[in-house]
Asks: 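Let me give you the structure first, and then I'll get to my questions.
Counting begins at 1 with the first residue of the sequence. Everything quoted here is computed from the prediction, not taken from an experiment. Below, each value reflects all heavy atoms present in this structure, side chains not excepted, and no hydrogens, waters or symmetry copies.
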Amino acid sequence: MGKPRTFWCGAFLRLGTLVGPSLWRTPCRQRNLFPLRRQFDAYCPARYVPTENTDLGSPHAAKLRNPDLSCLPDEVMEGEGNIAAADLALIAVEIVSPSNPENDWVAKLADYAVMRIPLYLIVDARDSTVTLFSEPNHDRYHTRTDRKFGETIRIPRPLGFDLDLTPLNPYH
């Protein structure tokens, strides 16, 4: 497969703003992230691994993004640093922050499409919904699938599984 592509923070600081990981951590967020992580652990293709807190960079976007969960090649995780090429990610998963939902629904939605991440999954515990965006083109995704907590949502290939939304918890 060749040498993993890694982007260094300094290049993005020169190109534009650095957008780092969300600093908010709530028990509900963690309770929603863990069952998602377990399912992605079970269904990631060979030589891929689900990862949290890995910055994704792209020459198409002048910033880094740090999804709550992504699925990246093993070899990327063996490299130095915490930054990977966004186009290597199979999916980006975000759990919506109750204090800043526009970041996940507007800014990251456009950024992940620009970065050419094929799938973007938004878990919004404010209204107990999960939305999957696919088929990125420039700054938008062409398809959108919505489900409620308690249902399942099909995650397309190369992951290719039905994500169980039963264990997810709404914000109170």
Asks: Tell me whether Tyr171 is reachable from Val93 by hopping between hydrophobic residues (I, L, V, M, F, W, Y) whose side-chain heavy atoms are closer than 4.5 Å.
Replies: yes
Asks: Any idea which heavy atoms bring Asn66 and Glu94 closest together, and the distance?
Replies: O-OE2, 3.8 Å
Asks: Evaluate the side-chain proximity of Met115 to Arg65: yes if any heavy-atom separation is below 4.5 Å, no if none is.
Replies: yes
Asks: Under 3.5 Å, is there a donor-acceptor pair between the side chain of Arg147 and the main chain of Leu165?
Replies: no
Asks: Relative to the ring of Tyr43, is the ring of Phe161 parallel (under 30°), tilted (30 to 60°) or perpendicular (over 60°)?
Replies: parallel
Asks: Hey, could you give me the CZ/CG distance between Arg37 and Leu33, rounded to the nearest 0.5 Å?
Replies: 8.0 Å
Asks: Out of Asp124, Val123, Leu163, which one pairs with Leu168 under the side-chain contact (heavy atoms from CB on, under 4.5 Å) rule?
Replies: Val123
Asks: Is it true that the side chains of Asp164 and Thr152 contain a donor and an acceptor less than 3.5 Å apart?
Replies: no
Asks: Tell me, with the steps shown, if Arg47 and Glu75 meet salt bridge (Lys or Arg N to Asp or Glu O under 4.0 Å).
Replies: CA-CA 8 Å; Arg47 297 187 307 274; Glu75 64 187 26; over 6 Å; no
Asks: Of the non-hydrogen atoms in Trp105 and Thr131, which two are nearest, and what is the gap between them?
Replies: CH2-OG1, 3.3 Å
Asks: For residues Cys71 and Thr51, determine if any side-chain heavy atom of one lies less than 4.5 Å from a side-chain heavy atom of the other.
Replies: no
Asks: Using 4.0 Å as the upper bound for N to carboxylate O, is an ion pair formed by Lys63 and Asp111?
Replies: yes
Asks: Please report the closest heavy-atom contact between Tyr141 and Pro118, naming both atoms and the distance.
Replies: CE2-O, 3.8 Å
Asks: Determine yes or no for a side-chain-to-main-chain donor-acceptor pair under 3.5 angstrom, with Asn82 supplying the side chain and Asn53 the backbone.
Replies: yes
Asks: Roughly how far, to the nearest 0.5 Å, is CZ of Phe40 from OG of Ser70?
Replies: 10.0 Å
Asks: From Leu90 CG over to Leu72 CG, what is the distance, rounded to the nearest 0.5 angstrom?
Replies: 7.5 Å
Asks: Is any side-chain heavy atom of Ser97 closer than 4.5 Å to a side-chain heavy atom of Asn103?
Replies: no
Asks: Return the minimal non-hydrogen interatomic distance between Ser99 and Pro101, and the atom names on each side.
Replies: C-CD, 3.7 Å
Asks: Is any side-chain heavy atom of Ile117 closer than 4.5 Å to a side-chain heavy atom of Ile91?
Replies: no
Asks: Within the distance-only criterion (no hydrogens, no angle test), does the side chain of Glu151 pair as donor or acceptor with the backbone N or O of Lys148 below 3.5 angstrom?
Replies: yes
Asks: Decide if atom CZ of Arg116 counts as having more than 12 heavy atoms of other residues, nucleotides or ligands within a radius under 6.0 Å.
Replies: no
Asks: Take atom NE2 in His138; do more than 12 heavy atoms of anything else shown fall under 6.0 Å from it?
Replies: no
Asks: Before you tell me yes or no, could you show the steps for Thr145 and Arg154 under side-chain contact (heavy atoms from CB on, under 4.5 Å), namely the whole-Å CA-CA distance, both residues' side-chain angles and the distance that decides it to 0.1 Å?
Replies: CA-CA 9 Å; Thr145 304; Arg154 183 73 186 165; over 6 Å; no
Asks: Are the side chains of Leu64 and Leu56 in contact, using a 4.5 Å heavy-atom criterion?
Replies: no
Asks: Nearest 0.5 Å, what's the CG-CG distance between Asp68 and Leu121?
Replies: 10.5 Å
Asks: Can you establish whether the number of heavy atoms outside Phe149 located under 6.0 Å from its atom CZ is more than 12?
Replies: yes
Asks: Can you find a pair of side-chain heavy atoms, one from Leu159 and one from Cys44, that are under 4.5 Å apart?
Replies: yes
Asks: Is it possible for you to say whether Ile83 and Val114 belong to one hydrophobic cluster, with membership spreading through side-chain heavy-atom contacts below 4.5 Å?
Replies: no
Asks: Less than 4.5 Å apart, side chain to side chain, heavy atoms only: is that true for Tyr120 and Leu109?
Replies: yes
Asks: Would Asp162 and Ile155 count as a side-chain contact (heavy atoms from CB on, under 4.5 Å) if you check the C-alpha gap in whole Å, the side-chain angles of each, and the deciding distance to 0.1 Å?
Replies: CA-CA 6 Å; Asp162 291 321; Ile155 306 297; over 6 Å; no
Asks: Are Thr143 and Phe133 packed together at the side-chain level, in the sense that at least one heavy-atom pair is separated by less than 4.5 angstrom?
Replies: no
Asks: Could you walk me through whether Asp146 and Thr129 pass the side-chain contact (heavy atoms from CB on, under 4.5 Å) check?
Replies: CA-CA 7 Å; Asp146 296 289; Thr129 60; 5.8 Å; no
Asks: Without swapping roles, check the side chain of Asn32 against the backbone of Asn169 for a donor-acceptor pair under 3.5 Å.
Replies: yes
Asks: Applying a strict under-4.5 Å side-chain criterion to I, L, V, M, F, W and Y, I'd like to know whether Leu69 and Phe34 cluster together.
Replies: no
